[in-house]
Amino acid sequence: MVSKILSNYTYTGNLLLQKTFRENHITKKTVINHGELPKYHAEDAHDAIISIETFHAVQTEKARRAAQFNKKPAPRTTYPFTSLLVCDICGKNYRRKTTKTGIVWVCGTFNTLGKSVCASKQIPEATLQQVTAEVLGVKAFTREQLHSQVQSIRVCNGNILVFCFKDGSEVTRTWKDRSRAEGWTDEMKEAARRKTLERSKHNA
């Protein structure tokens with residue numbers, strides 16, 4: 001109600017006519033005039049409550065506050081493989097996930113519902129980048145090369161990746177599981193070292 005009062009142009013002593021009109025004689029529905037019919041401006045039609053300058057100042061302030069408090073949500077973060085990796089088991093896209101052993105890509109179904117619903121495997125991001133660079137015939141992986149040539153990547157059982165190119169061709173590659181040692185972070189290695197020392201002291 002307050003907003004309606006602050007936006008009431010009639011308080012300036014002027015009138016803007018035909019802001020609405022009847023849709024037709026059958027429905028008799030009243031609709032807002034967005035330019036379908038001409039509008040008419042009548043100046044000094046009655047005594048003004050506020051000046052035209054005050055009215056415009058209020059509209060400017062309303063617009064400023066609306067821009068301040070009605071901010072658009074931050075854009076979603078995307079990564080080179082976002083929306084490209086498709087699980088061959090359930091058809092869902094893979095998503096990026098940070099784990100204790102590093103960054104991996106995992107099927108959305110597996111990540112949400114578990115292995116009993118989708119028995120897919122997670123793939124280390126470094127492995128994905130390495131295999132992709134080999135398939136594209138480049139020394140180093142780049143987002144630009146990937147998006148300019150590849151339409152999608154099917155992730156199949158047996159560590160198989162099927163690269164579907166935009167020209168209709170396909171290339172199949174098999175990726176290798178990294179060794180247990182490769183998946184360990186420095187913190188994990190240090191914890192294992194301390195545990196080994198404690199065992200040695202205990203056995204001594």
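Checking each of Thr172, Leu136, Val131 against Phe163 for a side chain to side chain contact (heavy atoms under 4.5 Å, CB included) leaves exactly one that passes, namely Val131.
Side-chain N or O atoms of Ser7 include one that pairs as donor or acceptor with a backbone N or O of Ser3 at under 3.5 Å. Put simply, the side chain of Thr132 gets close to the backbone of Leu128: a donor and an acceptor are under 3.5 Å apart. At distances below 3.5 Å, at least one donor-acceptor pair connects side-chain atoms of Gln59 with backbone N or O atoms of Phe55. Checked by atom type and distance alone, the side chain of Thr82 pairs as donor or acceptor with a backbone atom of Tyr79 at under 3.5 Å. Thr112 places no side-chain N or O within donor-acceptor distance of the main-chain N or O of Thr109, the cut-off being under 3.5 Å. In this structure a side-chain-to-backbone donor-acceptor pair under 3.5 Å is present from Asn14 to Asp44.
The salt bridge (Lys or Arg N to Asp or Glu O under 4.0 Å) test applied to Arg76 returns no partner, not counting sequence neighbours. Arg96 is linked by a salt bridge (Lys or Arg N to Asp or Glu O under 4.0 Å) to Glu125, counting only residues two or more places apart in sequence or in another chain. Every side chain to side chain contact (heavy atoms under 4.5 Å, CB included) that Asn159 has, sequence neighbours left out, goes to Lys121, Thr174, Trp175, Asp177.
To the nearest 0.5 Å, atom CD of residue Glu134 and atom NZ of residue Lys139 are 14.0 Å apart. The line from CE of Met1 to CG of Leu6 is 12.0 Å long, rounded to the nearest 0.5 Å. Here Asp47 contributes atom CG and Thr12 contributes atom OG1; the two are 12.0 Å apart, rounded to the nearest 0.5 Å. To the nearest 0.5 Å, atoms CZ (Phe110) and OH (Tyr94) are separated by 9.0 Å. Interatomic distance, Leu113 CG to Cys107 SG, rounded to the nearest 0.5 Å: 9.0 Å.
Residues Val86 and Ile153 have side chains not in contact (no heavy-atom distance under 4.5 Å, counting atoms from C-beta outward). Side-chain contact between Gln18 and Asn33 is present, with heavy atoms from C-beta onward closer than 4.5 Å. A heavy-atom distance below 4.5 Å is not found between the side chains of Val155 and Val162. For the pair Lys19/Leu16, a side-chain contact is recorded, criterion being any heavy-atom separation below 4.5 Å from C-beta on. Between Arg173 and Ile160 the shortest side-chain heavy-atom distance does not fall below 4.5 Å.
Under a hydrophobic clustering in which Ile, Leu, Val, Met, Phe, Trp and Tyr are joined whenever their side-chain heavy atoms come within less than 4.5 Å, directly or via other members, Ile52 and Leu17 fall into different clusters. Both Leu161 and Val135 are part of a single hydrophobic cluster, where members link through side-chain heavy atoms under 4.5 Å apart. Grouping the Ile, Leu, Val, Met, Phe, Trp and Tyr side chains by contacts below 4.5 angstrom, directly or via other members, places Val138 with Val150. Following chains of ILVMFWY side-chain contacts shorter than 4.5 Å, one can reach Trp105 starting from Leu84, so the two form part of one hydrophobic cluster.
Residues His41 and Tyr9 have side chains that bring a donor and an acceptor to within less than 3.5 angstrom of each other.
Remark: Lys115 NZ is loosely packed, at most 12 non-hydrogen atoms of other residues, nucleotides or ligands lying under 6.0 Å away.
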